[in-house]
Protein chains: 2
Amino acid sequence: MPLTIIDSAHNCRGCLLAEGLTNKQRQQLSMIIHAKRHYQRNEKIYHIADKIKSVYLVQQGSIKTEAITYDGRPVVTGFYFPGDLFGFDGIGDQGYLCDAVAIENTLVCEIPFQKLTALCTSVEGLQHQLFMLMGQRIGSHDHALIMMHNMSAESRLCRFLTIYHERMKKHTENQDAVVFLPMNKDDIARYLGLCPETLSRVLSRLVNKGVIRRHQRRLELLDIDTLYELAS
Amino acid sequence: MPLTIIDSAHNCRGCLLAEGLTNKQRQQLSMIIHAKRHYQRNEKIYHIADKIKSVYLVQQGSIKTEAITYDGRPVVTGFYFPGDLFGFDGIGDQGYLCDAVAIENTLVCEIPFQKLTALCTSVEGLQHQLFMLMGQRIGSHDHALIMMHNMSAESRLCRFLTIYHERMKKHTENQDAVVFLPMNKDDIARYLGLCPETLSRVLSRLVNKGVIRRHQRRLELLDIDTLYELAS
DNA sequence: CGATCAATTGAGTGTGTTCAATGTCAGTGG
DNA sequence: CCACTGACATTGAACACACTCAATTGATCG
């Protein structure tokens, strides 16, 4: 079974970068892929201030990126799941701004950025796709910024859940109102800008309201409408 | 005098996109520039959800981008000054995510994104520069996100001031410890995620501490070291 | 079954918000 | 020249929400 995954990596199937490319172009793309490898839970894919410029694709598993605030606290700046590209924070001129860490056992494929941009000059569809993805990335972070502004803990969590749920519905065959969270609660708290206790309290409150049901990392979204309402 | 500005627009001098290009390449770049025009205070350069894809360069003046939170409050997502490119939030597939609004009378040059990327395939230095700028943009917003996490009102303001001061020192001949803020206080408050009253209080506190001195929109940074310390 | 560690709950505190009152300034008209 | 007006900035008091620290409960493993 892992073989098929490795194989699909070779052919760049399912990779957002390869979308709209011909088979031949996909082959060209797969040629420049530097490495595909497994990472253990908590293993780092890259470190803050690393100068090696690559973008990475999550094949299987999940990734978080985390940075350190000016007063020394760890902050989670993003989560990435199969099909997602990450590492764009390293494209600027000061190296990576985050650590990228595997949340679980994860298969990642590395794409050297310089080779990628070189290929872009000959494969126009690829350039377009890359600009799009970077644009979307900029957009999604504007989104995150907006979210941080004066939203209550409850709103933040509900929004996180709805976004995560939509993401999973779109990319997996699972269409249920159930989500599995591969990351632990502390990571979610650091992502939402809350302390773990507050997150715990909000979760309990949502359970009491009958909006969700919990079985450790498996969440049932009982009342999606209210979830969306609370996410305002 | 405005003539020289228009002229420099034609030659793309001072434009971050044109950095490292030959004169001939700059000419090619200036050919695709769609429009250069003046905007009045509070005039919009583009609107949320606009599908027309362009990036814009501030020639003179200043720009803010603002969005609406899920509960209907306006949020300022960024400020842009001469030499800055803005409009990257519209590159994704869902149109612009913000309104771009002139803070004062402002001269802006519009660069259609499609033509720009088409030119990128032939002018490699331009492609590199564009990727870099988008990468930096992603990085700076990661930065902003980190900043929002659990920082006190005072820290946020001090960080804003130091960043703004460094920006102005780099891009203008003015090397004094003085900054002019073209935007009004409400905009700063909406950018920092504070209410205007809190911003006012923090400013007063900084004056009392002897860190800054105020004359309406002109701020003297009396004690830059403490300013940096407080920005932690 | 007890030990260990994580997760939850509770009490108290701090910081920013809200709403209201006061102060400041520019522009207008008597 | 001075009082009046309206917009905006500042200050004050009360409140709400999330944080901190501590205690309790729950889960996992030997």
Side-chain angles (χ1 to χ4, degrees), chain A residues 41-42 69-76 103-104 146-160 180-209 211-219 230-232, chain B residues 41-42 69-76 103-104 145-161 180-209 211-219 230-232:
Chain A
R41 186 174 142 75
N42 289 329
T69 59
Y70 305 107
D71 55 342
R73 301 182 192 208
V75 182
V76 173
I103 289 174
E104 51 193 324
I146 293 166
M147 179 162 164
M148 296 300 298
H149 269 255
N150 298 328
M151 290 191 79
S152 70
E154 190 172 77
S155 300
R156 288 183 202 189
L157 176 61
C158 290
R159 185 147 293 273
F160 173 74
F180 294 88
L181 300 172
M183 68 295 276
N184 65 36
K185 297 236 173 68
D186 284 13
D187 281 336
I188 299 176
R190 279 191 285 270
Y191 178 65
L192 296 177
L194 303 171
C195 68
E197 293 96 326
T198 301
L199 181 59
S200 171
R201 273 182 254 267
V202 174
L203 277 167
S204 306
R205 205 188 309 159
L206 290 179
V207 171
N208 289 338
K209 288 184 184 175
V211 181
I212 61 171
R213 191 183 298 161
R214 269 193 293 180
H215 318 82
Q216 63 269 0
R217 289 187 170 173
R218 184 173 170 276
L219 291 189
L230 293 173
S232 76
Chain B
R41 185 175 141 76
N42 290 329
T69 59
Y70 305 108
D71 56 341
R73 301 182 192 210
V75 182
V76 173
I103 290 174
E104 52 193 324
L145 242 176
I146 293 167
M147 179 162 165
M148 296 299 299
H149 270 255
N150 298 328
M151 290 191 79
S152 70
E154 191 172 77
S155 301
R156 289 183 202 190
L157 176 61
C158 290
R159 184 147 295 273
F160 173 74
L161 289 178
F180 294 88
L181 300 171
M183 68 295 277
N184 64 38
K185 297 235 172 70
D186 283 13
D187 281 336
I188 299 176
R190 279 192 285 269
Y191 178 65
L192 296 177
L194 303 172
C195 67
E197 292 95 327
T198 302
L199 180 60
S200 170
R201 274 182 254 267
V202 174
L203 277 167
S204 306
R205 206 189 309 160
L206 290 179
V207 171
N208 289 338
K209 287 184 184 175
V211 180
I212 61 172
R213 191 184 296 161
R214 271 192 293 180
H215 318 81
Q216 61 270 1
R217 288 187 170 171
R218 183 174 170 277
L219 292 190
L230 293 173
S232 75

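Order of the sequence lines sets the chain letters (A, B, ...), proteins ahead of strands, with each chain counted from 1. Values below: all heavy atoms of this structure, side chains included; hydrogens, waters and symmetry mates excluded. Note that the coordinates shown come from a computational prediction; the quantities given were computed from them, not determined experimentally.
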Expressed in angstrom and rounded to an integer, what is the separation of [X] atom [atom1] from [N] atom [atom2]?
| X | N | atom1 | atom2 | value |
| --- | --- | --- | --- | --- |
| A/Asp187 | C/dA6 | CG | P | 14 Å |
| B/Leu194 | D/dT10 | CG | P | 14 Å |
| A/Asn208 | C/dT8 | CG | C1' | 12 Å |
| B/Leu199 | C/dT18 | CG | C1' | 16 Å |
| A/Asn184 | C/dA6 | CG | C1' | 11 Å |
| A/Arg156 | D/dC17 | CZ | P | 13 Å |
| B/Lys185 | D/dC8 | NZ | P | 12 Å |
| B/Met151 | D/dC19 | CE | P | 16 Å |

- Please figure out whether A/Glu197 or B/Ser200 has its closest DNA chain D nucleotide nearer the 5' end.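 The residue mapped nearer the 5' terminus is B/Ser200.
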Considering every strand and a 4.0 Å limit on heavy-atom distances, what is the contact class for [X]: base, sugar-phosphate, or nothing?
| X | answer |
| --- | --- |
| A/Arg73 | sugar-phosphate |
| A/Arg214 | sugar-phosphate |
| A/Gln216 | nothing |
| A/Leu203 | nothing |

Kindly point out which of [options] is positioned nearest to the side chain of [X]?
| X | options | result |
| --- | --- | --- |
| A/Arg201 | C/dT17, C/dG16, C/dT9 | C/dT9 |
| A/Cys195 | D/dA18, D/dC19, D/dA9 | D/dC19 |
| A/Thr198 | C/dT17, C/dT8, D/dA18 | D/dA18 |

- Task: Measure the shortest side-chain to side-chain distance between A/Leu203 and A/Lys185 over non-hydrogen atoms and say whether it is less than 4.5 angstrom.
- Result: yes
- B/Arg41 atom CZ, neighbour heavy-atom count above 12 within 6.0 Å: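 Not more than 12 within 6.0 Å, no.
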- How far apart are the C-alpha atoms of A/Leu219 and A/Arg214, what are their side-chain angles, what is the distance that settles it, and do they pass the side chain to side chain contact (heavy atoms under 4.5 Å, CB included) test? CA-CA 5 Å; A/Leu219 291 189; A/Arg214 269 193 293 180; 3.1 Å; yes
- Task: I would like to know whether A/Leu230 and A/Lys209 meet side chain to side chain contact (heavy atoms under 4.5 Å, CB included); could you show each step before the answer?
- Result: CA-CA 11 Å; A/Leu230 293 173; A/Lys209 288 184 184 175; 4.1 Å; yes
- Quick one: CG on B/Asn208 to CZ on B/Arg205, what's the gap to the nearest 0.5 Å?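 Reported value, rounded in 0.5 Å steps: 9.5 Å.
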